[in-house]
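Report on the following structure.
Counting starts at 1 for both ligands and their atoms, following the listed order.
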Amino acid sequence: MSVRVRFAPSPTGMLHVGALRDALFKSLFARHNGGINILRIEDTDRNRYSPESEQEFIDTLSWVGIEFDEGPHIGGPNAPYRQSERKEAGIYAGWIEKLLELGYAYKAFDTAQELEQMREIQTAQKQSTGYFGGIWRDATPDQVEAAIADGKPYVIRQRIPRDTTISIEDAIRGHVEWDSNTIDDPVLIKADGMPTYHFASMVDDHLMEITHIIRGEEWLSSAPKHAALFDAFGWQRPIFVHCPVIVGTDGKKLSKRHGATRVLDYAAQGFLKGPLKNFIALIGWSPGDDREILSEQELVDAFDLKGLQPSPGKFDIEKLRWLNGNAIRALDPVDLLDVLIDYLRTPYTLEYFNQLEPEVGQPDPKRVEATLILLDRAIQDDRGYALEAIKLEQQRVHTLADFGIECEFFFVDALAMEEKAVDKWFSQPTTRALFEFLLDQCNSTFGPDSEPSVYEEALREFQTAQGLDKLGPVVHPTRVALTGKTTGPGLFELMSVLGPERIRTRVERAMELLR
Ligand code: GLU
């Protein structure tokens, strides 16, 4: 049996992390098994469907690198792949007729008011709400004909078998069963003739010969309806695979409160698609050993359903940052520069920071935006210099966005200085002499091509000359004068990148701030 899976979103909004994981699992499973991965757009709820959202799904999936073998954007033997178009093509009409004939569906003429009343009574009697029969499930053919003759609108509902057990064998959860009396009769065809998700999705899964329905756990409660539908037609059921929910590190269902949930926002924050995929794949799935860093090919090779866990998968942003930092460090600096340029020039990057609300403990989004603009300009002005700066920061950042704030000091001579650092290090007894020494060295020893060792030797020479036990009173004031802050890449390396011209300008400025 060759594997056939489908990602079948109902595009009504943004593409969230949960849906991305769903899509990723299917794509890895299909590729591992040399199978087919289909994109099908479930847009039968016309009030909620949005073409912009469909575009976001397609664009984001293609950015992440999830590929399909069939879909609305590429066509294929099962076209069309949008359910609204399939409805227009008459694909569902015959199947609902058949189901009516088989007795597994019926027409229900309840008015909205009647349904409301039913719900009120059920609530008052503390019963589960839903349509478990009403008068139409068991209506005689005459009653139905009379209602049609009266021109009453109707929906078509699934006749769920009663007084029995419906069970599935889920690939993750094993045997799951339901008392069929707890399952309501879902609407399959709406009054306007449009199929609902329950019907269109299952008919399509059959027609597209889907072998595995891999989807989020939130669909588990629909599985008995879907299984019953396959049984009613006498079709072979696909294998159900209900993936665990994603929770934050606090164990609660993933939501805005845990940070961004829109996949595009992760791109805007400067996460690379490789580590993002690596990270997402490990939420609720494990390769069976303790590997945490897996390349695309390793994911494909290792992915099987046995590695899926029933317990909730944890979304730990720190792990993503760690993976991302590793991936950035693994890049050749010249390639990294290209990746960074792409990132800076993707319009959504700046838009994202522009509209982001400031948050405690996070850098001010407006500042991030400004430093990213600065970085882009700096790359255009002097690519070689920018590359040297990026090489140093490559060792320290977690995301592409970090390059903005971290690299800022390379490009701005009139830096904002950290008050506290200035107070402490510009009041040392030897700082004035140090700055004078640095200015002097800019005119003699330091040259545009001086290696870090030249700077190191000079600073050590100053330390010895002053009889200082430690290098601290030499390196700290120098770092603050040159970068405005107390942390950053190695001092000698950054001095070598800045070169004597910038060092002179900055030390002169720092002299004015001596305490
Ligand atoms: N259209 C459904 C969704 O939006 C598909 C659920 C399924 O995979 O069966 O998630």
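In this structure, His226 falls outside the shell of residues with a heavy atom less than 4.0 angstrom from ligand 1.
Remark: ligand 1 and Ile214 share no N or O pair separated by less than 3.5 Å (distance only, no angle test). Considering backbone and side-chain atoms alike, Arg215 places an N or O below 3.5 Å from some N or O of ligand 1.
Remark: side-chain polar atoms of Glu85 are not paired, donor with acceptor, to backbone N or O of Arg82 under 3.5 angstrom.
Ion pairing between a basic and an acidic side chain is recognised when a charged N comes within 4.0 Å of a carboxylate O; Glu116 and Arg119 show such pairing. At a threshold of 4.0 Å, the pair Lys306-Asp304 counts as salt-bridged, since one of the basic side-chain nitrogens sits closer than that to a carboxylate oxygen.
Scanning the protein heavy atoms around atom 5 (C) of ligand 1, the nearest turns out to be Ala8 O, 3.2 Å. Given atom 8 (O) of ligand 1, the protein heavy atom at minimum distance is Arg6 NH1, 2.6 Å. In this structure, atom 9 (O) of ligand 1 lies nearest to the protein heavy atom Tyr197 OH, 2.7 Å.
Per-residue contacts place Trp219 under 4.0 angstrom from the following atoms of ligand 1 (heavy atoms of the residue considered): 2 (C), 3 (C), 6 (C), 10 (O). Atoms of ligand 1 found under 4.0 Å from any heavy atom of Glu42 (numbered from 1 in listed order, with element): 1 (N), 2 (C), 5 (C).
Below 30°, between 30° and 60°, or above 60°: for Trp235 and Trp95 the angle between ring planes is above 60°, a perpendicular geometry. In this pair, Phe68 and His73 present their aromatic rings perpendicular. The plane angle is above 60°, beyond the 30 to 60° band.
Within the structure, the ring pair (Phe, Tyr, Trp, His ring centres under 6.0 Å) test picks out the following pairs touching residues 274-308 (sequence neighbours left out): Phe25-Phe303, Phe279-Phe315, Trp285-Phe303.
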